Amino acid sequence: MPLFDRDTSIFSDEDVLREDYQPESIQERDEEIDTYMASLQPVINGAQPRNLFLYGKAGVGKTAVTRYLLSHLERDVDAYDDVALTVVWLNCNNLSSSYQVAANLVNELRPPSQQISTTGYPRQTVFDMLYTELESIGGTVLIVLDEIDHIGDDDGILYELPRARANGYLSSVKPGIIGISNDLSFHDSLSPKVKDTLCEEEVHFPPYTAGELRSILEQRAENALYETAYETNVLSLCAALAAQDTGSARQALDLLYKAGDITRAADETTIRESHVRDAQQALERGQIRQGMMELTRHGHLALAAVLSIAISDETPARVREIYPEYSAIAERFGTKPLVRRRMHDHLSDLAMQGILKRYARNHGRSGGQYYEYDLDVTLELALDVVDELEDVDISLEAVRGAKLRGLR
DNA sequence: GATCCACAGGAAATAGTGGCTT
DNA sequence: AAGCCACTATTTCCTGTGGATC
């Protein structure tokens with residue numbers, strides 16, 4: 001009897017449900033694709049491409065549609081000798097300024113041996129390097145800036161690049177920018193100069209409806225799951241849950257995948273509604289958990305402080321009470337505590353991420369106004385995470401106390 | 001209606017890191 | 001080695017705020 005054997009009851013090809021899987025056709029986005037294609041038409045004609053701005057929430061198909069259309073475009077453009085197309089794809093996650101975007105673009109275009117660092121050069125130098133690289137490629141260059149909202153309000157590059165030709169920095173290249181944003185308000189926060197140039201064409205991707213999600217799931221399920229592996233209402237449920245929450249195809253697919261995973265782990269052969277609900281919980285928990293793990297050191301310390309107070313059942317607590325606890329924990333771990341003001345920023349961050357709850361209090365002349373914080377996750381989960389952290393810990397006695405009272 | 005509590009949170013200054021240029 | 005550049009995290013300083021109390 002082998003230790004591992006291949007499971008043949010649920011997934012026929014689970015990769016089809018994974019994030020990186022690219023379907024050969026895109027569903028339920030016909031309208032958006034039409035507008036998008038029209039905007040790309042100048043490329044085929046060998047004209048200066050138009051700049052394009054896509055916006056919509058995460059998981060509504062912006063990136064998938066872009067990949068799909070550009071790969072077709074690259075193929076179709078081969079038929080014409082007078083058009084040379086290059087696509088440069090850059091994910092702006094973690095890039096917080098125009099400078100960094102420019103530097104990363106240069107690196108995209110250069111071979112690995114000639115990479116530049118993302119600090120150190122004067123701003124204009126990096127732009128010059130970028131223009132030189134673009135010049136040497138020539139032809140039409142489409143620059144896709146995915147998650148462009150991460151650069152915040154430093155949108156200089158979005159202004160520079162589209163106008164580089166007009167300003168005489170570029171001559172043999174026809175650059176086009178495709179900006180993809182998950183943040184709907186990013187569009188409004190752009191400076192007016194940029195709006196004029198970048199947003200010549202806009203495509204808005206609305207969230208998927210439950211019906212649309214359902215048909216996407218049906219198509220994927222056909223390739224990913226055995227026919228007998230799921231009850232018929234399972235797909236509808238996944239679609240409905242995802243539609244209610246984010247309208248994201250990613251979420252719907254994750255749900256289905258996780259539900260299958262849970263079913264398999266339970267040694268059952270049919271995905272049922274209850275498995276989907278379990279999956280939803282597990283995913284939610286996983287996200288929060290990951291959010292907590294990825295905090296900075298002082299974020300962890302602040303969380304540990306609130307947790308420690310929560311364990312002794314004294315939450316919600318105001319900053320005045322949390323700070324000494326935080327300082328004590330920090331010092332116990334050889335870290336110099338931050339000043340109150342700064343630690344409070346960390347608390348605000350935690351509240352923003354849904355890890356802590358924050359209550360505004362105002363007791364007027366006799367009390368003034370202040371905030372109180374409490375855990376917004378279960379004590380159990382917080383304890384679990386803080387326990388796992390290498391760099392922080394709350395006192396063993398406290399944990400033991402919590403265990404004794406049956407909180408775990 | 002004026003006053004005042006207790007602090008939130010904005011703004012500017014400073015520290016610290018990593019890297020370039022001469 | 002000295003002087004820049006870009007960027008992030010932190011400290012320091014301080015103004016503004018909502019409502020109980022005078």
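None of these values were measured; they are calculated from a predicted model. Protein chains get the first letters and strands the later ones, always in sequence-line order, with residue 1 at the start of each.
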What donor-acceptor contacts under 3.5 angstrom involve side-chain atoms of residues 73-86 of chain A, with partners at least two apart or in another chain?
none

Between Y371(A) and H363(A), just flag the one whose closest nucleotide in DNA chain B comes earlier from the 5' side. H363(A)
Nearest to the side chain of S348(A) - dG9(B), dA6(B), dC4(B)? dG9(B)
Among the nucleotides dG18(B), dA8(B), dA6(B), which one has an atom lying closest to any side-chain atom of T119(A)? dG18(B)
Under 4.0 Å, heavy atoms only, any strand: does [X] hit a base, just the sugar-phosphate, or nothing?
X       : answer
R320(A) : sugar-phosphate
T125(A) : nothing
T118(A) : nothing

Over how many whole Å does the gap from [X] atom [atom1] to [N] atom [atom2] extend?
X       : N       : atom1 : atom2 : value
Y370(A) : dC5(B)  : OH    : C1'   : 11 Å
D345(A) : dC7(B)  : CG    : P     : 16 Å
Y359(A) : dA8(B)  : OH    : C1'   : 19 Å
M343(A) : dC7(B)  : CE    : P     : 12 Å
E321(A) : dA6(B)  : CD    : C1'   : 13 Å
Q369(A) : dG9(B)  : CD    : P     : 9 Å
R342(A) : dG10(B) : CZ    : P     : 13 Å
Q115(A) : dG18(B) : CD    : P     : 20 Å

Parallel, tilted or perpendicular: ring planes of F11(A) versus Y257(A), cut at 30 and 60 degrees: tilted
Does a nitrogen or oxygen in the side chain of R358(A) sit under 4.0 Å from OP1 or OP2 of dG9(B)? yes
dA8(B) phosphate, OP1 or OP2, under 4.0 Å from H344(A) side-chain N/O: yes
Could you tell me the boundaries of the chain A footprint on DNA chain C, defined by atoms under 4.0 Å from its heavy atoms? dC5(C) to dC22(C)
Applying salt bridge (Lys or Arg N to Asp or Glu O under 4.0 Å) to E32(A) and not counting sequence neighbours gives R29(A)
Are Y55(A) and H204(A) packed together at the side-chain level, in the sense that at least one heavy-atom pair is separated by less than 4.5 angstrom? yes
Given that G364(A) and H346(A) both sit by DNA chain C, which one's nearest nucleotide is further toward the 5' end? H346(A)
Look at R264(A) together with E14(A) and state whether they make a salt bridge at an N to O cut-off of under 4.0 Å. yes
Mark yes when over 12 heavy atoms from residues, nucleotides or ligands other than E135(A) sit less than 6.0 Å from its CD; otherwise mark no. yes
Aromatic ring centroids of H344(A) and Y373(A) under 6.0 Å? yes
